[in-house]
Number of protein chains: 4
Amino acid sequence: MPGVAHTETRFDRRLAEILEYAIEVFYERGYEGASMRDLSRATGMSLAGLYYYFESKERLLYLIQKHTFKTIVQRLKERLKDANQPEQRIRVFILNHLEYFLSNQKAMKVLSHEDDALKNGFGAEIAAIKREYYHTCLDLMDEFKAAKGLEFNSRIAVLSLFGMMNWIYTWYKPRVDADASELARDMGDIFLRGICTGGQRGTRRKV
Amino acid sequence: MPGVAHTETRFDRRLAEILEYAIEVFYERGYEGASMRDLSRATGMSLAGLYYYFESKERLLYLIQKHTFKTIVQRLKERLKDANQPEQRIRVFILNHLEYFLSNQKAMKVLSHEDDALKNGFGAEIAAIKREYYHTCLDLMDEFKAAKGLEFNSRIAVLSLFGMMNWIYTWYKPRVDADASELARDMGDIFLRGICTGGQRGTRRKV
Amino acid sequence: MPGVAHTETRFDRRLAEILEYAIEVFYERGYEGASMRDLSRATGMSLAGLYYYFESKERLLYLIQKHTFKTIVQRLKERLKDANQPEQRIRVFILNHLEYFLSNQKAMKVLSHEDDALKNGFGAEIAAIKREYYHTCLDLMDEFKAAKGLEFNSRIAVLSLFGMMNWIYTWYKPRVDADASELARDMGDIFLRGICTGGQRGTRRKV
Amino acid sequence: MPGVAHTETRFDRRLAEILEYAIEVFYERGYEGASMRDLSRATGMSLAGLYYYFESKERLLYLIQKHTFKTIVQRLKERLKDANQPEQRIRVFILNHLEYFLSNQKAMKVLSHEDDALKNGFGAEIAAIKREYYHTCLDLMDEFKAAKGLEFNSRIAVLSLFGMMNWIYTWYKPRVDADASELARDMGDIFLRGICTGGQRGTRRKV
DNA sequence: TATGAATGAGTGTTCATTCAT
DNA sequence: TATGAATGAACACTCATTCAT
């Protein structure tokens with residue numbers, strides 16, 4: 001079916017290729033530490049040639065972050081459609097995050113690590129997606145709390161969960177550590193049991 | 001009180017001052033993003049003057065990271081002396097980490113975020129301290145497991161805990177979020193309950 | 001005329017131009033004393049622009065020295081083909097050296113004066129060419145000795161000859177001093193007569 | 001005998017020490033390449049301390065060159081008193097030069113190699129001594145020519161001789177090459193025989 | 001579509017030198 | 001007599017970016 005959306009031009013494909021290399025380079029040396037020359041070397045394209053595809057190094061990072069983030073959010077939405085129970089929905093969130101994280105480890109490091117490298121407009125747009133993603137998780141948490149009649153600080157819970165998950169880029173070793181689904185189960189266990197038991201302020205007790 | 005230790009020279013004091021500024025600058029702009037000129041401006045000292053106190057930008061980061069890390073490790077050791085029960089010891093670990101983290105948020109971001117900015121000798125030394133710190137926590141976890149007769153992946157548990165805690169630098173707002181002790185209690189609850197219940201592989205069930 | 005050799009690119013030509021300026025600058029201020037800014041000023045090209053043509057100041061000196069040396073050696077080989085008699089061959093050596101020296105006085109000063117400015121790889125390569133050149137002269141000297149049945153220290157003789165010739169850059173004034181061929185004849189006379197007469201150890205006598 | 005001249009103060013002695021180190025440093029790294037920090041390290045004296053003894057790096061070089069040159073000139077004068085015959089006088093000149101050169105190789109390299117490093121006043125003064133020294137040799141040459149009824153370009157002869165001798169710093173190896181007196185004899189032989197024989201313009205002949 | 005050539009501004013670092021003590 | 005502390009200017013070099021082609 002011909003249409004507007006599926007016309008992926010040669011330009012788009014070439015740009016996507018370059019972005020792959022850029023992810024590699026930013027992953028390896030950090031956004032500030034990476035130079036356009038590094039990217040030129042990595043892609044085999046001339047310095048000037050790169051600029052045909054994007055207007056600045058900053059925009060390059062922006063494109064990476066946006067695409068990465070949008071994809072993870074979109075996949076989440078897809079998966080959430082099939083999950084109804086509050087707990088299950090949180091587990092879906094975790095699995096989605098970790099699956100994407102591990103299949104796109106380098107991009108995710110660039111997303112996580114270069115959190116505040118973008119300025120002004122670019123930064124604001126990514127921050128907005130991030131906020132949306134955060135609130136999705138926050139909502140899941142509140143649903144869960146309501147369903148279970150629990151009482152805890154959702155903000156802390158969500159941010160702790162993000163911490164657990166995002167920190168992965170600092171330690172994950174493919175050949176040592178389990179795959180995404182097992183990791184999601186383990187982290188899900190820790191997190192969900194953690195926020196579950198007791199939990200009522202005032203009646204908090206030793207574990 | 002006479003003693004060996006109190007010979008803190010003028011040089012040391014001045015260097016310490018500069019390090020404070022450097023923490024601020026690295027916190028604000030990242031290690032790579034920060035220029036020695038930024039530091040010169042921040043300290044009010046001439047570019048050349050700074051080099052009287054340390055031989056390179058890299059060594060500056062090294063000094064910051066080493067001091068920060070050594071202090072946190074040392075305080076932990078002190079506190080661990082008074083804690084005997086496995087659970088309590090983990091809670092001490094968490095509290096120590098978070099207390100230091102929040103009182104030295106900027107330094108801790110520089111420590112966490114610029115994890116792999118140091119090369120060769122400098123990097124190796126910091127990595128060694130980090131490994132020691134990690135293993136201390138791992139040991140605590142194993143003691144806890146043994147005492148409770150639990151079964152879980154200590155590595156994942158410890159690294160998840162670190163993630164929860166270290167991620168703080170990305171979101172903590174002093175006026176919004178609770179203080180260290182409350183945070184330590186909350187995170188401790190989540191984490192300890194999480195790893196506690198059930199836990200035996202095979203008998204795992206819904207939360 | 002078609003051929004492999006005539007592909008001298010625009011890049012090569014531009015580089016050659018820059019090298020001319022660099023010779024001038026190094027000649028005037030010495031390698032250490034010359035700054036890239038001096039060269040930038042001399043060429044009228046921006047500081048950064050220069051680096052498009054060579055990767056470092058050291059390599060710049062290397063290129064100058066190598067080209068100068070290779071040319072002088074190559075011309076010598078050419079000329080030596082047509083000379084058979086031992087004495088004549090030495091005179092050819094002297095003439096070749098002085099002719100090139102005087103037509104490329106500045107480059108030759110840079111070659112002579114900055115003898116040990118190059119480090120490691122660069123230095124080694126130039127040193128190798130120099131050694132080869134020295135040995136060519138040493139061989140000429142030994143042939144001469146053998147042919148004439150003379151007895152003298154070839155090493156000292158050769159190095160004395162080099163001294164006579166290379167020192168020129170410190171005193172030669174185009175409008176005062178004779179041209180290369182006359183100078184070559186004079187120095188050749190001094191040198192050849194000098195090593196000729198008497199010369200047998202033991203029978204040495206007053207001049 | 002009391003007098004003005006022999007009061008060598010502590011200051012003078014200390015300065016002389018420093019000059020020794022400076023010779024070493026300039027010899028090793030060249031005047032431009034040597035830094036005051038290098039000298040500070042070499043002497044064990046503080047950077048600022050050095051400036052008590054001389055007002056600038058340039059003056060340091062000046063002091064070294066002046067002292068070296070004055071000494072060699074003065075010794076020459078002494079020795080020339082006892083030599084009457086023209087040839088002998090030239091041999092004395094050579095021997096004096098080489099003896100001093102080899103006993104003070106490093107200082108002599110600094111003198112020879114850093115010939116034009118000094119600017120303005122400093123440079124002029126050294127240049128004057130040099131000119132005087134040169135003319136002494138030129139006079140010796142002219143006396144010799146007159147006595148022998150020879151005909152050659154004294155300027156070229158003298159400068160060739162200087163070349164032979166001064167070039168030594170680039171090749172002399174104490175354990176390989178002969179000592180000063182032997183070297184002086186060899187170079188004297190080469191040079192004196194060289195300028196002697198034939199020599200009349202027009203009647204010049206093959207050696 | 002892609003590049004060779006170029007640039008102004010900036011990088012971390014070192015320079016010779018000074019001055020209060 | 002000697003130094004610790006400091007500096008302005010310069011160093012070699014790299015940066016992201018541009019523009020004619």
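Keep in mind that the numbers below use all heavy atoms, side chains included, and drop hydrogens, waters and symmetry copies. So you know, we letter chains A, B, ... as the sequences are listed, proteins then strands, and number each from 1.
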Under 3.5 Å, which donor-acceptor pairs do the side chains of residues 114-122 of chain B form with other protein atoms, sequence neighbours left out?
unit_1: B:E114; atom_1: OE2; unit_2: B:Y31; atom_2: N; d: 3.0
unit_1: B:D115; atom_1: OD1; unit_2: B:K130; atom_2: NZ; d: 3.0
unit_1: B:D115; atom_1: OD2; unit_2: B:K130; atom_2: NZ; d: 2.9

Do the side chains of [Y] and [X] get nearer than 4.5 Å, heavy atoms only?
X	Y	answer
B:T71	B:N104	no
D:L19	D:H67	no
C:V110	C:T68	no
C:R41	C:M36	no

In whole angstrom, give the distance that lies between atom [atom1] of [X] and atom [atom2] of [N].
X	N	atom1	atom2	value
C:F11	E:dT3	CZ	C1'	14 Å
B:L15	F:dG4	CG	C1'	15 Å
A:L47	F:dT18	CG	C1'	10 Å

Can you tell me the Watson-Crick or wobble partner of [N], both distances under 3.5 angstrom?
N	value
F:dT21	E:dA2
E:dT14	F:dA9
E:dA9	F:dT14

Short side-chain to backbone donor-acceptor contact, C:S112 and C:K109, under 3.5 Å: no
Ordered by number, residues from residues 27-45 of chain A within less than 4.0 Å of DNA chain E (heavy atoms) are A:M45
Going by heavy atoms closer than 4.0 Å, what residues in residues 50-60 of chain C are next to DNA chain E? C:Y52, C:Y53
Other residues, nucleotides, ligands: >12 heavy atoms within 6.0 Å of C:R10 CZ: no
Roughly how far apart are D:I126 CD1 and D:K70 NZ, rounded to 0.5 Å? 9.0 Å
Below 4.0 angstrom from OP1 or OP2 of F:dA6, is there any side-chain N or O of B:R14? yes
Once the angle between the rings of D:Y169 and D:H113 is folded into 0 to 90°, is it parallel (under 30°), tilted (30 to 60°) or perpendicular (over 60°)? perpendicular
Shortest side-chain distance from C:A48, nucleotide among E:dA9, F:dA5, E:dT3: E:dA9
